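Down below is the structure, laid out as structure tokens.
What you see is a predicted model; the values in this text were computed from it and never measured. Naming convention: chains lettered A, B, ... in sequence-line order (proteins, then strands); numbering from 1 in each chain.
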Number of protein chains: 2
Amino acid sequence: MQPSAQLEQVLKQHGQSVTAARQAVLAALQGQEPLTMGELVIRCNDIDRATVYRSVALFERLSIVQRLQAGWKYKLELSDAFHEHHHHATCLHCGQVVPLSEDPKLEAYLHDLAVAYNFTLRKHQIELSGLCATCQPTVGSL
Amino acid sequence: MQPSAQLEQVLKQHGQSVTAARQAVLAALQGQEPLTMGELVIRCNDIDRATVYRSVALFERLSIVQRLQAGWKYKLELSDAFHEHHHHATCLHCGQVVPLSEDPKLEAYLHDLAVAYNFTLRKHQIELSGLCATCQPTVGSL
DNA sequence: CATAAATTGCGACAAAGTTGCAAAAATAAT
DNA sequence: ATTATTTTTGCAACTTTGTCGCAATTTATG
Ligand SMILES: [Zn+2]
Ligand SMILES: [Zn+2]
Ligand SMILES: [Zn+2]
Ligand SMILES: [Zn+2]
């Protein structure tokens with residue numbers, strides 16, 4: 001299903017209106033890389049800051065987007081129902097975020113871990129940080 | 001080694017001064033639960049906000065503290081050299097953060113994963129979110 | 001203890017995020 | 001299709017969070 005159609009469906013399911021602003025926010029998030037809130041606001045430049053914030057808050061409640069800690073600031077990306085489920089590796093030097101393809105064993109592992117702590121697992125996040133292949137020669141310390 | 005002594009050592013190793021403010025910030029972070037920046041500022045109430053921010057920034061550069069995404073806001077906690085390495089499960093309903101004891105198999109797995117992507121892994125984070133044992137009966141939806 | 005270097009507090013500022021409310025748009029009803 | 005009802009939007013004012021320059025204080029050095 002097309003992401004925009006899927007958005008429409010999720011919004012209606014929850015009694016929320018389908019609006020131009022919300023569609024624009026979704027569209028802005030469809031790129032490859034996760035975005036900071038600031039970047040997102042810029043990409044939605046016909047839409048008021050407050051509206052972007054309100055849309056993101058709604059999307060987070062409806063599990064349409066998720067926020068992840070990428071180095072210093074948090075970033076936003078579409079969540080599993082819209083993208084494939086995946087994790088990230090962030091380069092500490094150049095800041096690039098590389099998506100990692102899903103690993104069923106790892107997923108199973110996390111599930112068992114949650115069970116061991118009597119947690120009903122709703123979502124999870126793994127963030128690796130280090131140096132990407134390109135930056136490894138460049139950097140000595142850090 | 002006592003955390004305060006360890007702080008002194010790390011600071012000196014990097015040519016940084018050992019000051020009352022920095023010791024106070026470390027002390028405030030020694031409690032069990034990770035703290036938001038706001039909470040930390042409150043617990044350091046003789047110290048200026050700007051100084052707390054500057055200390056945290058320094059501590060982050062020296063890998064004394066790490067920030068983690070706990071639900072909505074980020075939180076700070078002492079990093080692996082000061083606490084045992086561990087991960088977290090956050091309850092979506094009551095917000096409590098439960099530390100998970102280290103699992104060597106999982107750690108090895110992450111290491112291999114990074115290698116597969118040509119990443120030199122420097123650190124990593126796993127955040128589980130869901131409902132804790134206490135909140136499971138309370139909540140139907142969410 | 002005196003000197004040099006680094007850190008702190010302060011105040012002013014910039015950026016990020018929130019809120020109330022009237023106008024506009026979306027849905028529901030006729 | 002029009003109108004009525006409900007929800008959302010933009011705006012502007014505001015709070016919170018985070019940053020910066022600089023003089024006063026503290027820390028390190030000898
Ligand atoms: Zn890189
Ligand atoms: Zn996963
Ligand atoms: Zn709970
Ligand atoms: Zn680990």
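- From the 5' end on, the contacts that DNA chain C makes with chain A at under 4.0 Å to a non-hydrogen atom open and close at C:dA16 to C:dT27.
- Both B:Arg49 and A:Arg54 lie close to DNA chain C; mapped to their nearest nucleotides by heavy-atom distance, the more 5′-ward contact belongs to B:Arg49.
- Applying the side chain to side chain contact (heavy atoms under 4.5 Å, CB included) test to A:Thr134 and every residue at least two apart in sequence or in another chain returns A:Cys132.
- Looking only at distances, a side-chain donor or acceptor of A:Gln136 sits under 3.5 Å from a matching main-chain atom of B:Asn118.
- The side chain to side chain contact (heavy atoms under 4.5 Å, CB included) test applied to A:Ala5 returns A:Met1, A:Gln2, not counting sequence neighbours.
- At a threshold of 4.5 Å between non-hydrogen side-chain atoms, the residues A:Glu127 and A:Thr90 count as touching.
- Each side chain to side chain donor-acceptor pair (under 3.5 Å) pair with one or both residues in residues 95-111 of chain B, not counting sequence neighbours, appears once here: A:Tyr117-B:Ser101, B:His85-B:Glu107, B:His87-B:Glu107, B:Glu107-B:His124.
- In the region residues 9-18 of chain A, proximity to DNA chain D at under 4.0 angstrom, judged on heavy atoms, holds for A:Gln16, A:Ser17.
- A:Ala21 comes within contact range of the sugar-phosphate backbone alone, with a heavy-atom separation under 4.0 Å but no base atom that close.
- Think of the region where chain B sits on DNA chain D: with heavy atoms and a 4.0 Å cut, that region ends 5' and 3' at D:dT17 to D:dA28.
- Judged as a salt bridge (charged side-chain N to carboxylate O under 4.0 Å, His left out), the pairs with a partner in residues 3-31 of chain B (not counting sequence neighbours) are, in order, B:Glu8-B:Lys12.
- For the pair B:Leu113 and B:Leu121, the minimum side-chain heavy-atom distance is 4.5 Å or more.
- An angle of 50°, rounded to 10°, separates the two end axes of the helix from C:dC1-D:dG30 to C:dT30-D:dA1, each defined over five pairs.
- The side-chain heavy atoms of A:Gln23 and A:Leu7, taken from C-beta on, include a pair separated by under 4.5 Å.
- Within residues 33-46 of chain A, the residues that have a heavy atom under 4.0 Å from DNA chain D are, in order of number, A:Asp46.
- Judged as a side chain to side chain contact (heavy atoms under 4.5 Å, CB included), and not counting sequence neighbours, the contacts of A:Ala24 are A:Ile47.
- Screening residues 52-76 of chain B for salt bridge (charged side-chain N to carboxylate O under 4.0 Å, His left out) gives B:Glu60-B:Arg67 as the qualifying pairs, with residues at least two apart or on separate chains.
- B:Arg22 comes within 4.0 angstrom of the backbone, heavy atoms only, and of no base.
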Side-chain donor-acceptor pairs of residues 31-44 of chain A under 3.5 Å, sequence neighbours excluded:
from	atom 1	to	atom 2	distance (Å)
A:Thr36	OG1	A:Glu39	N	3.1
A:Thr36	OG1	A:Glu39	OE1	3.4
A:Glu39	OE1	A:Thr36	N	2.8

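- Side chain of B:Gln30 to backbone of B:Ser4: no donor-acceptor contact under 3.5 angstrom is found.
- You'll find the side chain of A:Val98 reaches within 4.5 Å of the side chain of B:Phe119, heavy atoms only.
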